[in-house]
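Working notes, beginning with the structure itself.
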Protein chains: 2
Amino acid sequence: MITMTEIARLTGVSQPTVSRVLNGNTSVKPEVREKVLACAREHNFQPNAMARGLVGSGTKLIGVVLTDISNSFFADLEKYMEQAARKKGYSLILFNSDYDREKEKHCLDVMRRYRVDGLVIVPVAEHDAAFREDIKALDIPAVAITRETDQMDCVYIEHAEAGAQVAEHLKSVGCEHYIFVGTTEDKKYLGFAEKMKETDLHFEQKLTLIETKNSREIQGILKAHFDTHPGKTGIFAYNDRRAVQVHGILQKLGISMPERAALVGFDNTYTCEYLYPALSSVSQPNREMAEEAVNILIKNIGQPEGRELVAHPMGARLIVRESSEISEKERTK
Amino acid sequence: MITMTEIARLTGVSQPTVSRVLNGNTSVKPEVREKVLACAREHNFQPNAMARGLVGSGTKLIGVVLTDISNSFFADLEKYMEQAARKKGYSLILFNSDYDREKEKHCLDVMRRYRVDGLVIVPVAEHDAAFREDIKALDIPAVAITRETDQMDCVYIEHAEAGAQVAEHLKSVGCEHYIFVGTTEDKKYLGFAEKMKETDLHFEQKLTLIETKNSREIQGILKAHFDTHPGKTGIFAYNDRRAVQVHGILQKLGISMPERAALVGFDNTYTCEYLYPALSSVSQPNREMAEEAVNILIKNIGQPEGRELVAHPMGARLIVRESSEISEKERTK
DNA sequence: CTGTTAGCGCGTTCAC
DNA sequence: GTGAACGCGCTAACAG
C-alpha cells in the first residue's frame, strides 16, 4: 500500500507537497502536480484514513446502531443512509444492538475506539436516562432515528398520527370490532385508540389485543374472535411481519378479507403488494428519514458546538390495498 | 476522549506502562496496575483504533460488501457475520454494491482507505477477471460468500445440488409441467434442469420460463399456462421474494396449491411459514455460512502469507411445506 | 510555490 | 519493572 512519503520519494518532492496535490487545497506548480497525480494514480493511492483521523481531521466514519438489521425496514434505512453518507464522503460502521441495552452500550464503546465522527442510532430504550447519558458522554454528534427522543436530535415518524389514520380508515370501511396486534405502550396504538375514542365511547369493549408472536396462539385467538363476533373486524398490526402472519392465518381459517376482516400492517414492505389480497400498510418515508438523519448529522459534525436540538417529525401515509378497502362485493350490495 | 498519555500523566507513570497495563502483556507492579486500571475505568478509556492501526497492529476492521442489504437473506448474513466478528474483536464496515461493478470497485477503494484487515464480499460478477484482479490488488485476505469463486477463498451454497433437490421433490409430487422463475444461467436452474433430464428427455418441452419481475406480466404468463396445461405444474423460483409474488398471483387466479401448482422458493425467509398455504423453500445454512466466512477470514488475517485456497461448499436443504407437499385431498383419492 | 518541523495516540524497541 | 526515544502516515503551521 503506497503512502504519500513513498510518492514523494518517487517523484522527488516533499511529502507535504504530495499532500497538497492530493488534497487540492493550495496551489502547486502544474508540472509537479501532474507528476504526483500520475504516480498516485499509477499505484492507486488511497489516503490512510487512520492517519488522517489521528491528526484530527475527522475519520469520515459514521457509526450506525440498529436494533436488528434483519428487519427489512431497518435494512432499507441502512441502505439509504449509506447512500446519503457516501455522497458526502462518509462510510458506515454498522452494529446491531439486538434490542439489548448492554450490547447497545458495547456498540457505543467500540464506535468510540474508531473515533467515528458521529452516529445514528435506533435506540433500544429511547426514554432510558442512562441511555441519554451514554450518548452525551460520547461527546460527538448523534441523531436518533425512528423514535422521538428527548434531549437529542431525532428524525422520527409520528406514530400516533399514523395510528389515527388507521383508525379513521378502519372506521370508514365499517368495522364493528377491532384487534390490535402489539402492545398498548406502542404510540401507534395510543394514536389509534385515541382517535377511536373520539367517536366511540365503548371502543375498549370492542377491542381485542394480541400480544403473542406465536402462530398457534394467534390462530386460537382469531378463531375464537371470529366465531363469536359477527360483522367486520378491523385488525391493525404494529408491523408488516406480524400483519403477514395474521394474513396467512386468516386465509387458513377461511376468514375473508376485507369482508370479515380488514387488515392493516405497518412499514409497507415489498411483501404487501405481493400478497393476495394485497396488504394495506402504513408507509414510512424511509428514504427521506434516512437521508435527513445523515444530513443533520453531517451538518452537526461541521458545527463547532452549541447548536440547537432538532426534532424532525415525519408523516407516514396509509396505503390502502385490498386487505382493507371496501370490496366490489360490498360496494354493490 | 482520554488517551494513554493522559492516563500516564494522571497516574504519574509513563505512557508505555499504561500501554502495558491496558494490553496486559508484560508484567507491571500490581499497585501501579491497579491505579492505572482504575483511572482508565473511571474515564471509560477506549484505545484509539486509528493509532493502533497506524503502528501496524491491524485495524480490527472487516470490510463487508453486499450486493443489497435490503434483501433479507443478505441482511441475515450481515447480522451473523457481525456476531462472529465481534466474538473475535472485529467490527464491520459495510457497503452495498447495488449489483454494480463500478460501485463495487469504489467500495473496495474506500475500504482500503480504512485499512481493513480483511474483507468478505458477495461478488457482483464472481467470474469477472477484472474483479479478481481488484481483489488481488488489495493484497489483504478476502473471502467470497454465497457464490463459488475461482482463485479466492469462498464459502458458498451448492446451488446446483439444491436445484436438483427441488427437481426431485417436484417430480415426486407428480408434476407434469414446470415453470422456472429466474434466468437459465442460474446454477439453481442448471442443477434443476439436469436432474430433470435424467429421467425425462422431454423436460425442456415441459418447461416455461419467467424472467420478468413485473407482476402483471407474470400474471399473464401464469394464466395462459394454467389455462392450457391441465395437471399439476411445479414452479421453482430463484428466491423467496419472487416466490411470494407468484404465490399471491396464484391465489388471485384461484389456482390451488399444491393441487394445480406446487410452488418452491429459495432462501427460506420468515415469510414462508406465515403464508397460506405455507411456502416450501430451500433453506441455506445462513448462520453457518456467515460464521465460516468470518472465521476463515480471521484465520487468514493471522497467517503471515502463503496459504492454500479454501473453498467451502455448504449444503442447502429443501423445506417442504404446504405449497408443494402432497395434500390430504390428493393422498386420499 | 515548496520544504522543514512538529505532533496526533499508540506499540515497540532498548536501555536502565 | 519501567521510562526514553522512535516511527506509523498524515495535516497543519511556519519559514523561506
Side-chain angles (χ1 to χ4, degrees), chain A residues 1-37 39-40 43-61 89 109-117 139-140, chain B residues 1-37 39-40 43-61 89 109-117 139-140:
Chain A
M1 184 104 325
I2 197 164
T3 67
M4 286 190 178
T5 314
E6 183 65 7
I7 295 182
R9 209 180 51 75
L10 291 172
T11 56
V13 299
S14 74
Q15 172 267 316
T17 296
V18 176
S19 172
R20 283 187 271 259
V21 171
L22 265 20
N23 294 308
N25 312 320
T26 40
S27 48
V28 180
K29 202 197 294 176
E31 42 185 286
V32 180
R33 164 179 218 76
E34 288 315 314
K35 198 165 48 173
V36 169
L37 281 177
C39 182
H43 296 277
N44 189 18
F45 169 81
Q46 296 293 341
N48 187 326
M50 304 286 142
R52 273 193 171 162
L54 206 52
V55 295
S57 41
T59 55
K60 293 287 177 180
L61 269 183
D109 282 343
V110 175
M111 286 176 20
R112 238 155 56 97
R113 299 218 259 266
Y114 290 98
R115 302 299 190 263
V116 295
D117 290 339
D139 199 38
I140 53 170
Chain B
M1 183 104 328
I2 197 163
T3 68
M4 286 192 179
T5 314
E6 183 65 7
I7 294 182
R9 210 181 50 75
L10 291 173
T11 56
V13 299
S14 74
Q15 172 265 315
T17 296
V18 176
S19 172
R20 283 188 270 261
V21 171
L22 265 20
N23 293 309
N25 314 319
T26 42
S27 48
V28 180
K29 202 195 295 177
E31 44 186 285
V32 179
R33 164 177 219 77
E34 287 315 314
K35 198 164 50 172
V36 169
L37 281 177
C39 182
H43 296 277
N44 189 18
F45 169 81
Q46 295 293 340
N48 187 327
M50 304 286 142
R52 273 194 170 163
L54 206 53
V55 294
S57 40
T59 55
K60 293 287 177 180
L61 268 183
D109 282 343
V110 176
M111 285 176 21
R112 237 154 58 94
R113 297 218 261 266
Y114 289 99
R115 300 301 190 263
V116 294
D117 290 338
D139 199 40
I140 51 169

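Throughout, protein chains are lettered first and strands after them, A, B, ... in sequence-line order, and every chain is numbered starting at 1. Heavy atoms only: backbone and side chains are in, while hydrogens, waters and symmetry mates are out.
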- Message: Base contacts versus sugar-phosphate-only contacts with protein, heavy atoms under 4.0 Å: please encode nucleotides 8-16 of chain C as B, S and - from 5' to 3'.
- Response: BBBBB----
- Within the pair A:Ser27 and C:dC1, is there a side-chain N or O less than 4.0 Å away from OP1 or OP2? yes
- Query: Considering the terminal five base pairs at each end of the helix from C:dC1-D:dG16 to C:dC16-D:dG1, what angle separates the two local helix axes, rounded to 10°?
  - Reply: 40°
- Item | Pairs satisfying salt bridge (Lys or Arg N to Asp or Glu O under 4.0 Å), at least one member in residues 4-19 of chain B, at least two apart | B:Glu6-B:Arg9
- Could you tell me the separation between the CD atom of A:Glu31 and the C1' atom of C:dT2, rounded to a whole number of Å? 13 Å
- Task: Walk along DNA chain D from 5' to 3' and tell me the first and last nucleotide with an atom closer than 4.0 Å to a non-hydrogen atom of chain B.
- Result: D:dG1 to D:dG9
- Quick one: side-chain hydrogen bond (donor to acceptor under 3.5 Å, both in side chains) partners of B:Ser57, sequence neighbours excluded? none
- Message: For B:Phe45, run the side-chain contact (heavy atoms from CB on, under 4.5 Å) check against B:Val36, B:Ile7, B:Leu37 and tell me which one passes.
- Response: B:Ile7
- Applying side-chain hydrogen bond (donor to acceptor under 3.5 Å, both in side chains), name anything that partners A:Arg115, two or more places apart in sequence or on another chain. none
- Hey, could you give me the CG/CE distance between B:Leu54 and A:Met50, rounded to the nearest 0.5 Å? 9.0 Å
- Please list all pairs passing the salt bridge (Lys or Arg N to Asp or Glu O under 4.0 Å) test where one or both residues lie in residues 23-36 of chain A, with sequence neighbours left out. none
- Note on the structure: Residue set satisfying side-chain hydrogen bond (donor to acceptor under 3.5 Å, both in side chains) with B:Ser19, at least two apart, ordered chain then number -> B:Asn23
- Task: Check for a donor-acceptor pair, side chain of A:Tyr114 on one end and backbone N or O of A:Thr59 on the other, with a separation under 3.5 Å.
- Result: no
- Hey, what do you get for CE (B:Met111) to CD1 (B:Ile140), rounding to the nearest 0.5 Å? 5.0 Å
- Item | Set of side-chain hydrogen bond (donor to acceptor under 3.5 Å, both in side chains) partners for A:Asn48, sequence neighbours left out | none
